[in-house]
Amino acid sequence: MSLSTGPIFMSGAGHVPHGPGMTTKIIYFMVNGKLEKAEFGCDCSAADVKDLFRAAAEVEPHHVLKMYNWRGSVVNISPRLEANTPDSCYRLEAVASDLHSVPMPPELDSMEHRLNHLETKVIEDVGKTPDAIFELKSQVESFKRKLESVKHLSWMGLFKGDGNQHLPKTPLKARTPQLSVQEEHQRVRMKFLNMSSLQVTGEVRELLKTPIFDNWQWEEAEMLVLLQVMYTDLDFLTAFHIELEVLQNFLFQVYCHYNNIPFHNFQHCFCVTQMMYGLIWLTDLRNKLGRVELLIMLTSALCHDLDHPGYNNVYQINAQTDLALRYNDISPLENHHCAVAFGILSKPECNILKNLSSEQYKHIRGGMIKCILATDMARHNEILNRFKVLQPVFDFTNREHKEVLMKIMVKVSDISNEARPMEVAEPWLDCLLQEFFNQSDSEKLKGLPVTPFMDRDKVSKPSSQTNFIRFVLLPLFTELTKLFPCLEQHILEPVRRALDYYSDMERASKEVKEEEEEEEEAKPPTGGR
Ligand code: PDB
Ligand code: ZN
């Protein structure tokens with residue numbers, strides 16, 4: 001019977017022959033944020049199996065153990081536990097064996113202490129515990145039991161300073177039930193590494209090169225495999241001597257450094273990178289730019305919103321956040337995204353650039369900094385106007401021309417949701433508005449200036465989007481299409497269809513609004529004589 005950590009050896013369906021006629025059972029489970037593997041003979045006693053898992057949880061004998069299966073149901077810890085594989089791992093939790101071992105909030109403890117002291121005093125005076133004190137003591141006891149049952153809500157601040165403040169304030173995405181962020185990351189990592197050796201079908205590979213790719217069909221571990229396919233199919237691993245394991249570590253760390261917020265999350269990162277990948281193939285950029293430029297564009301797209309907090313630069317500056325302070329109000333978010341990217345690349349096990357010359361490294365670093373900083377929409381007109389000047393005389397051998405094009409390509413990929421099929425694009429607008437509304441709610445609470453197009457009381461989704469498409473998207477996409485005419489059908493026409501869609505929605509909502517106002521006016525005046 002053994003417990004092994006570190007590299008997990010895949011052992012098939014979970015039963016390994018173990019000496020003559022004896023089979024052992026292999027159980028994979030998460031405990032304390034780590035994936036562990038237990039192995040025990042099927043003739044093992046229930047007590048021994050419990051001891052094995054208690055050792056894994058590193059708890060004392062009196063602690064209660066709870067085992068959850070991948071569906072989140074509690075299962076019995078016994079030799080009959082069903083064998084599994086790493087991507088359907090159990091989760092082992094040690095819960096306190098009794099109330100007294102759970103640290104209660106200091107207020108409750110001091111109240112109980114004062115109550116006991118008072119009871120002692122009163123008993124000295126009147127010889128017995130009066131009903132009032134007895135009642136107070138039972139209320140404290142029942143409150144402690146209730147508090148114990150909501151311990152998992154500690155991130156609401158019920159237990160001050162219990163170290164859980166870092167928990168996500170809005171557990172948005174339906175992650176695997178009750179897994180912590182770290183455990184979720186480990187689950188995704190195991191799934192990613194298990195799948196990465198599988199072959200992606202030719203059909204998916206071709207779909208990946210088009211703007212009609214639907215990100216909503218894929219979960220995060222699969223997206224990591226698809227990102228690996230992008231780097232592989234552009235021959236980056238051979239061209240830049242990138243070891244597959246280093247690329248996988250890099251991609252996994254990028255995934256870990258995106259936050260669980262409505263819009264600027266890992267799914268957005270994947271969409272932007274996939275659109276960039278599609279544009280590279282559609283415009284045949286592989287034959288017009290060097291592979292280094294392609295690596296800069298794809299990796300900039302991948303890293304362009306790393307560790308986005310869900311509150312934009314205006315908020316950072318007005319709220320005088322650490323980021324605004326650190327970057328002197330100059331594109332604080334984009335500077336941060338880029339710094340986090342190079343923080344990841346500074347780890348040797350994640351450094352996909354480590355086998356390049358320092359010349360190449362500097363060139364790629366410089367290119368990524370320019371491209372990521374270019375995604376600050378406050379600079380939109382500056383960059384687009386520069387491109388408009390160069391586009392008619394564009395020279396693919398001119399360094400400055402190429403730099404502006406790379407910035408434009410990352411910008412186009414970043415705000416390109418409306419170039420996708422409507423059923424893929426529209427949910428993204430809802431996610432973005434949810435993030436914007438969260439920000440304006442926070443601005444109202446803090447007495448900060450509220451950005452009008454983020455104010456849930458003022459924004460009309462269709463009219464905001466028609467304006468955005470008309471005045472931001474179409475001019476940008478039109479300019480790029482002048483350089484690559486084939487993009488007319490792939491991104492310009494879908495955006496024109498999106499403009500029609502939201503214009504119709506805007507007209508419909510205006511008609512409804514007018515009808516409501518007419519009904520309001522037609523109503524007899526209420527109240528008064
Ligand atoms: C932009 C800047 C920051 C973050 F606000 C996101 F209602 C975006 F008008 N971004 N990316 C895609 C968009 C889109 N902003 C809008 N529509 C998009 O499709 C504007 C819209 C949400 C508005 Cl530009
Ligand atoms: Zn973005």
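Quick note: numbers below take in every heavy atom, side chains included, and nothing from hydrogens, waters or symmetry partners. Note that the structure is predicted; figures quoted are calculated from it, not measured. One-based numbering, in listed order, for ligands and for the atoms of each.
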Mutual orientation of the aromatic rings belonging to Phe396 and Phe484 [parallel < 30°, tilted 30-60°, perpendicular > 60°]: tilted
Phe236 and Phe240 aromatic ring geometry - parallel, tilted or perpendicular at 30°/60° bounds: tilted
Neighbour count >12 (heavy atoms, 6.0 Å) for atom NZ, Lys347: yes
Examine distances only and state if a side-chain atom of [X] and a backbone atom of [Y] form a donor-acceptor pair shorter than 3.5 Å.
{"X": "Asp305", "Y": "His308", "value": "no"}
{"X": "Trp216", "Y": "Val424", "value": "yes"}
{"X": "Asn265", "Y": "Ile261", "value": "yes"}

Which residue owns the protein heavy atom closest to [atom], what's the atom, and how far is it?
{"atom": "atom 3 (C) of ligand 1", "result": "Phe436 CZ, 4.4 Å"}
{"atom": "atom 1 (C) of ligand 1", "result": "Met377 CG, 4.2 Å"}
{"atom": "atom 17 (N) of ligand 1", "result": "Gln465 OE1, 2.9 Å"}

Mode of Leu433 contact toward ligand 1 - side chain, backbone, both, neither (heavy atoms, under 4.0 Å): side chain
His264 N/O/S atom closer than 2.8 Å to the Zn ion (ligand 2): no
Any N, O or S atom of Cys269 closer than 2.8 Å to the Zn ion (ligand 2): no
Passing candidate, salt bridge (Lys or Arg N to Asp or Glu O under 4.0 Å) with Glu400, options Lys407, Arg386, Lys370: Arg386
Leu429 neighbourhood, listing ligand 1 atoms whose heavy-atom distance to it stays under 4.0 Å: 22 (C)
Pairwise side chain to side chain donor-acceptor pair (under 3.5 Å) hits with a residue in residues 319-329, at least two apart: Gln316-Thr321
From the options [options], select the one whose nearest heavy atom is closest to [atom].
{"atom": "atom 12 (C) of ligand 1", "options": "Asp305, Val272, Ile415", "answer": "Ile415"}
{"atom": "atom 13 (C) of ligand 1", "options": "Asn467, Leu432, Thr451", "answer": "Leu432"}
{"atom": "atom 7 (F) of ligand 1", "options": "Ser464, Ala498, Ser416", "answer": "Ser464"}
{"atom": "atom 24 (Cl) of ligand 1", "options": "Phe468, Phe263, Phe453", "answer": "Phe468"}

contact_flag Trp428 ligand 1 heavy-atom lt 4.0 Å: no
Val459 heavy atom under 4.0 Å from ligand 1: no
His304 atom (N/O/S) at minimal separation from the Zn ion (ligand 2): NE2
Trace of the ring pair (Phe, Tyr, Trp, His ring centres under 6.0 Å) decision for His304 with His268: CA-CA 10 Å; His304 86 283; His268 170 65; 5.1 Å; yes
Metal-centred angle, the Zn ion (ligand 2) as apex - OD2 of Asp305, OD1 of Asp414, 10° resolution: 170°
Step-by-step side chain to side chain contact (heavy atoms under 4.5 Å, CB included) determination, Arg291 to Leu234: CA-CA 8 Å; Arg291 222 192 299 274; Leu234 283 174; 6.0 Å; no
